[in-house]
Amino acid sequence: TTPGFTVVAECGDGREALAQLRSHICDVAVLDISMPSMSGLEVLSTARAEGLPARIIILSMHDEDKFALRAFKAGASAYLTKSRAAEELTVALARVGAGGTYVTESLASTMACMLSAAPGPVAPEELHKNLSDREMQIMLRLAKGSRIKEIAQEMFLSPKTVTTYRARLLGKLRCHSNAEVARYAAEHCLVE
């Protein structure tokens, strides 16, 4: 409804979003971080790896401190929480569409504090920040109750590869089972 913007495609899951990015020329794509089949971060990483030109805004119900830095490292041009999207989405779309990036005031403050803090080990309550993007994707699927074979099919990996990633993330999170991973993810508001 905002003048100057045209919606060229909509989709219902991550795989469809990636297909739309491949087939439609658009300036900006808005991806939900928690889409079915592929998360917004997975679509973002794949789009960047394939050199797709769209600039990407990640929209999430998760607070900025949970996923924003991961999204920017993966190549996002903006990260907005759904609670702030109504106020800031058109501003973010305009800035990102013009070739810039958009960072909320609260995220800019958080990033400045992080950069000025002395480097050190990750606090125990933030162990998930040590996970690679692939480990994070698998951890989120395990936390939602997906089985190794299901994860392997969804992510186009072998079950053995998923098992290897699972072992790594269990060690990094200091967990011993999928149930502990699910509890960790719930306690840190990483899953819906």
Side-chain angles (χ1 to χ4, degrees), residues 14 17 30-49 55-85 88 92 96 101-146 148 151-152 154-155 157 161-192:
V30 180
L31 301 176
D32 190 324
I33 202 168
S34 300
M35 293 185 292
S37 78
M38 288 178 80
S39 74
L41 292 178
E42 289 174 282
V43 174
L44 169 62
S45 295
T46 304
R48 290 295 156 258
R55 300 180 60 76
I56 296 176
I57 295 174
I58 295 291
L59 186 63
S60 176
M61 66 171 273
H62 301 289
D63 292 335
E64 294 166 334
D65 64 332
K66 303 295 183 205
F67 290 100
L69 292 179
R70 189 173 293 270
F72 280 108
K73 285 180 183 177
S77 297
Y79 183 97
L80 295 173
T81 60
K82 290 181 181 180
S83 63
R84 299 179 67 120
E88 300 187 40
V96 170
T101 56
Y102 182 80
V103 179
T104 63
E105 194 174 310
S106 60
L107 181 57
S109 176
T110 299
M111 291 169 67
C113 289
M114 289 174 66
L115 290 173
S116 66
V122 175
E125 65 274 2
E126 298 176 336
L127 294 172
H128 60 278
K129 292 184 179 179
N130 288 324
L131 299 178
S132 69
D133 288 340
R134 183 68 74 179
E135 290 166 344
M136 186 69 154
Q137 293 163 3
I138 290 171
M139 186 268 294
L140 293 173
R141 284 178 166 84
L142 289 171
K144 290 181 179 181
S146 295
I148 298 291
I151 296 169
E154 288 177 6
M155 298 181 73
L157 299 171
T161 301
V162 174
T163 301
T164 300
Y165 279 116
R166 179 186 174 273
R168 289 183 195 157
L169 72 89
L170 286 175
K172 290 179 180 181
L173 296 177
R174 299 181 189 146
C175 293
H176 299 93
S177 67
N178 291 357
E180 287 184 21
V181 169
R183 184 174 60 243
Y184 179 94
E187 287 172 356
H188 291 85
C189 303
L190 299 174
V191 290
E192 296 175 4

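Basis for what follows: all heavy atoms, side chains included, without hydrogens, waters or symmetry-related copies. All residue numbers in this chain count up from 1 along the given sequence.
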Practice problem: Kindly give the heavy-atom pair with the smallest separation between Tyr184 and Cys175, and that separation in Å. | Solution: CB-SG, 4.3 Å
Exercise. Mind checking the CD-CD spacing from Glu154 to Glu42? Nearest 0.5 Å is all I need.
Key: 8.5 Å
Quiz item: Would you say Ile151 and Gln137 make side-chain contact, with heavy atoms under 4.5 Å?
Solution: no
Practice problem: Might you work through the side-chain contact (heavy atoms from CB on, under 4.5 Å) test for Arg55 and Thr101, ending with a clear yes or no? | Solution: CA-CA 9 Å; Arg55 300 180 60 76; Thr101 56; 4.0 Å; yes
Exercise. Without swapping roles, check the side chain of Ser45 against the backbone of Leu41 for a donor-acceptor pair under 3.5 Å.
Key: yes
Quiz item: Taking all atoms of both residues into account, what is the closest heavy-atom pair of Ser77 and Val96, and its distance?
Solution: CB-CG1, 3.6 Å
Self-check item: Rounded distance (nearest 0.5 Å) linking atom OG of Ser146 with atom CE of Met155
Solution: 10.5 Å
Quiz item: Under the side-chain contact (heavy atoms from CB on, under 4.5 Å) criterion, do His128 and Leu190 qualify, and how do the steps go?
Solution: CA-CA 9 Å; His128 60 278; Leu190 299 174; 3.8 Å; yes
Exercise. In sequence, state the C-alpha distance, the side-chain angles, and the governing distance for Leu169 and Val181, and then conclude on side-chain contact (heavy atoms from CB on, under 4.5 Å).
Key: CA-CA 9 Å; Leu169 72 89; Val181 169; 4.0 Å; yes
Quiz prompt | Value rounded to 0.5 Å, distance of CD1 in Ile58 from OH in Tyr79 | solution = 8.5 Å
Exercise. Quick one: do Arg48 and Ile56 satisfy side-chain contact (heavy atoms from CB on, under 4.5 Å)? Show the steps, please.
Key: CA-CA 10 Å; Arg48 290 295 156 258; Ile56 296 176; 3.6 Å; yes
Quiz prompt | Approximate separation, where rounding is to 0.5 Å, of Met38 CE and Leu31 CG | solution = 10.0 Å
Quiz prompt | Side-chain heavy atoms of Met61 within contact of Thr81, under 4.5 Å | solution = no
Self-check item: Shortest non-hydrogen contact from Ile33 toward Ser60
Solution: CG2-OG, 3.1 Å
Self-check item: With Glu88 via side chain to side chain donor-acceptor pair (under 3.5 Å) - residues at least two apart
Solution: Arg84, Tyr102
Practice problem: Return the set of residues passing ring-ring contact (aromatic ring centres under 6.0 Å, His included) with Phe67 (not counting sequence neighbours), or none when no residue passes. | Solution: His62
Practice problem: State, yes or no, whether a side-chain contact exists between Ser177 and Glu180 at a heavy-atom distance under 4.5 Å. | Solution: yes
Quiz prompt | Closest contact, heavy atoms only, Leu44 versus Ala74 | solution = CD2-CB, 3.6 Å
Quiz item: Looking only at heavy atoms, which two atoms of Val43 and Gly14 are closest? And how far apart?
Solution: CG2-O, 3.4 Å
Quiz item: Once you round to the nearest 0.5 Å, how far does CG of Leu170 lie from CD1 of Ile138?
Solution: 11.0 Å
Quiz item: What pairs with Arg166 under side chain to side chain donor-acceptor pair (under 3.5 Å), at least two apart in sequence or on another chain?
Solution: Asn178
Practice problem: Output, in order, the C-alpha distance, side-chain angles, deciding distance and verdict of salt bridge (Lys or Arg N to Asp or Glu O under 4.0 Å) for Lys82 and Asp32. | Solution: CA-CA 9 Å; Lys82 290 181 181 180; Asp32 190 324; 2.7 Å; yes
Quiz item: Does Arg168 reach the side chain of Leu131, with side-chain heavy atoms less than 4.5 Å apart?
Solution: no
Exercise. Side-chain contact test, heavy atoms from C-beta onward, threshold under 4.5 Å: evaluate it for Arg174 versus Leu127 and give yes or no.
Key: yes
Quiz item: What heavy-atom pair brings Ala143 and Ala182 nearest, and what distance separates the two atoms?
Solution: O-CB, 3.7 Å
Practice problem: Can you measure from OG (Ser34) to NZ (Lys144) and round to the nearest 0.5 angstrom? | Solution: 5.0 Å
